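The shown structure was predicted, so the numbers you read here are calculated from the model rather than taken from an experiment. Both backbone and side-chain heavy atoms feed into the values below; hydrogens, waters and symmetry mates do not.
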Amino acid sequence: TYQVAYNSLLQERRRALHARIVDTFERLHTDRLAEHVERLAHHALHGEVWEKAVGYLRQAGLRAMGRAANREAVTYLEQALEALGHIPEQRDITELAIDLRFDLRTALVPLADWERMQEHLRSAEVLATGLGDRRRLARVSIYMVIQSVLAQEYEEAVRFGQQALSIGQVLADLAIEVPANAYLGVAHDARGDHLAAVDTLQRNVALIPEELRYERFGQATSMASFSRSILSLALSDLGRFAEASQQAEESARIAEEAGLRYSMAFAWHALGVAHVGRGDFPRGRIVLERCVDLCRTYGLPVIMPAAMASLAVTLGHEGRPAEAIALSDEVARMGVSRRFHTERILVSLGATSVLADRADAEARAREALEASQRHGARASEAHGHHLLGVIAMHGDPVDAAIVDTRYRAALALAEQLGMRPLIAHCHLGLGTLYRRSAKPEPAREHLATAASMYRDMGMTYWLDACSG
């Protein structure tokens with residue numbers, strides 16, 4: 001009945017009624033407008049009260065983003081941008097057009113809609129350049145770090161991050177410095193420079209005041225939580241598992257307190273990786289299963305492939321090959337290009353095939369190695385060499401020269417990058433090779449080194465292999 005009556009009104013009459021509803025709401029609910037922002041946005045838009053429509057639509061979009069309703073947020077923000085086009089151009093309107101594009105880019109991150117994000121960033125950059133607005137140009141650079149990481153252009157990512165950070169430091173603007181540091185840490189970690197990542201992210205954690213630990217600084221996630229999650233991943237690669245777990249647990253606490261599911265997914269993934277890296281597969285599996293369930297339930301495609309790939313490796317270590325392969329194949333079907341941790345995912349897929357003794361193990365390991373070399377992801381390159389060494393060790397007959405070459409290539413890179421767990425695994429592999437090749441002295445040296453490193457890092461799961 002309502003729809004029939006509404007459709008019978010002339011367009012101008014409808015517009016006038018919507019506009020009057022906005023005025024009435026504002027008059028009757030002066031102190032409670034935030035509770036009615038979605039209804040106000042609807043009526044202001046259809047009443048063609050353009051300035052109010054832009055304001056209310058943006059508020060509705062940010063509110064939807066806050067409860068992780070990102071598709072809804074995108075709809076509101078796109079409507080706000082469209083409404084803004086009806087307002088005559090002037091500097092403050094252009095600034096708002098830039099900021100709305102930043103909001104849209106942030107809303108699109110959990111949806112992994114990289115192409116639309118790129119379009120909005122290009123438009124924002126053109127507008128900010130026209131205004132000569134350094135702060136907004138710095139924000140473009142911040143966002144371009146992630147775009148570059150997703151394109152596996154890690155040198156470019158570092159350049160954008162350093163560029164944004166320099167501007168933020170000159171302007172003494174935390175809203176620029178904090179996300180610039182966070183994403184610069186991501187770029188360092190992606191290319192395997194874990195020491196630089198740890199330094200950058202620890203600095204960022206210290207930079208964020210306690211009262212701003214839930215603050216997003218214009219991003220899709222709490223920067224205090226996100227920085228700790230990426231810091232945890234870098235610490236795990238360096239074998240500093242106690243610190244890694246501590247940072248991931250703190251990241252999860254912040255995310256849970258703030259009610260931020262997207263931040264929680266990153267935190268749980270990092271915590272699962274720390275447990276698995278140390279060899280505590282049952283605890284790692286529980287956390288990673290929780291992470292994957294969260295991603296499936298709320299549609300978080302950015303972190304889901306990495307979490308699923310890590311869980312597949314864990315299941316492989318626990319002797320559950322069928323489940324591991326099923327999960328690994330699901331990740332492969334999803335596609336791993338333009339994902340966070342692309343090379344890490346490829347390494348995990350290769351490791352899962354190795355653990356499950358699958359025929360495609362060598363092909364997957366080579367894919368991980370070649371992608372890592374192509375993109376300059378040195379840590380994953382080291383893991384690729386190690387995987388191929390493990391595969392060669394299972395050959396019949398074993399080509400000792402190939403095994404030795406692969407393990408030593410992995411060892412050389414791991415030593416450059418300070419990746420102590422992988423260094424220990426390479427010594428275990430070499431020791432095992434020499435023991436089988438009847439070379440007892442070098443075998444003892446490598447196995448003793450591996451055992452000592454495993455004890456130091458609390459990686460007791462692998463100690464039996466050093467003495468067996």
Determine whether a donor-acceptor pair (N or O, by modelled atom type, separation under 3.5 Å) exists between the side chain of [X] and the backbone of [Y].
X    : Y    : value
R213 : P209 : no
Q169 : I167 : no
H375 : A371 : yes
R240 : S236 : no
S222 : L260 : no
S232 : A244 : yes
S245 : F241 : yes

Flag the pair [X] and [Y] as a salt bridge only when some basic side-chain nitrogen lies within less than 4.0 angstrom of an acidic carboxylate oxygen.
X    : Y    : value
E362 : R366 : yes
E249 : R253 : no
R296 : E330 : yes
E78  : R116 : yes
D173 : R139 : no
E72  : R67  : yes
R122 : E125 : no
D237 : R344 : yes
R283 : D280 : yes
E155 : R159 : no
D329 : R333 : no
R358 : D360 : yes

With no hydrogens and no angle check, do the side chains of [X] and [Y] hold a donor and an acceptor under 3.5 Å apart?
X    : Y    : answer
R406 : H385 : yes
S328 : T352 : no
T200 : N181 : no
Q152 : T342 : yes
S229 : S251 : yes
Y76  : Q59  : no
S372 : E343 : no

Practice prompt. Evaluate the side chain to side chain donor-acceptor pair (under 3.5 Å) criterion for residues Y183 and Q219: first the C-alpha distance (whole Å), next the side-chain angles of each, then the deciding distance (0.1 Å), finally the verdict.
Written response: CA-CA 11 Å; Y183 293 154; Q219 310 307 305; 2.9 Å; yes

Practice prompt. Going by the side chain to side chain contact (heavy atoms under 4.5 Å, CB included) test, name the single residue among M453, M457, R278 that passes it with P421.
Written response: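 One option only clears the test, and that one is M457.
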
State, to 0.1 Å, how close [X] and [Y] come at their nearest heavy-atom pair, and which atoms those are.
X    : Y    : value
S348 : V313 : O-CG2, 3.3 Å
T106 : G218 : OG1-O, 3.0 Å
P305 : I345 : CB-CD1, 3.9 Å
A190 : Y154 : CB-CE2, 3.5 Å
V347 : S380 : CG2-O, 3.8 Å
V276 : T314 : CG2-OG1, 3.1 Å

Quick check: do [X] and [Y] have side-chain heavy atoms less than 4.5 Å from each other?
X    : Y    : value
L422 : C426 : yes
M393 : Y407 : yes
L184 : Q162 : yes
Y143 : H120 : no
M308 : M334 : yes
D133 : I98  : no

Discussion item. side-chain contact (heavy atoms from CB on, under 4.5 Å) for I402 and T405? Distances and angles first, verdict last.
Written reply: CA-CA 5 Å; I402 291 178; T405 298; 5.7 Å; no

Output the distance between atom [atom1] ([X]) and atom [atom2] ([Y]), rounded to the nearest 0.5 Å.
X    : Y    : atom1 : atom2 : value
L57  : E82  : CG    : CD    : 9.5 Å
Q416 : L411 : CD    : CG    : 10.0 Å
L271 : M264 : CG    : CE    : 11.0 Å
I325 : R320 : CD1   : CZ    : 14.0 Å
N70  : T75  : CG    : OG1   : 11.0 Å
M419 : H386 : CE    : NE2   : 10.5 Å

Practice prompt. Decide if atom CD of E211 counts as having more than 12 heavy atoms of other residues, nucleotides or ligands within a radius under 6.0 Å.
Written response: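 For E211, atom CD is crowded (more than 12 foreign heavy atoms under 6.0 Å).
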
Worksheet item: Is the ring centre of Y454 less than 6.0 Å from the ring centre of Y461?
Response: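 Between Y454 and Y461, the centre distance exceeds or equals 6.0 Å.
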
Practice prompt. Please report the C-alpha distance between R136 and V140 in whole Å, then the side-chain angles of each, then the deciding distance to 0.1 Å, and finally whether the side-chain contact (heavy atoms from CB on, under 4.5 Å) criterion is met.
Written response: CA-CA 6 Å; R136 287 180 171 85; V140 171; 5.9 Å; no

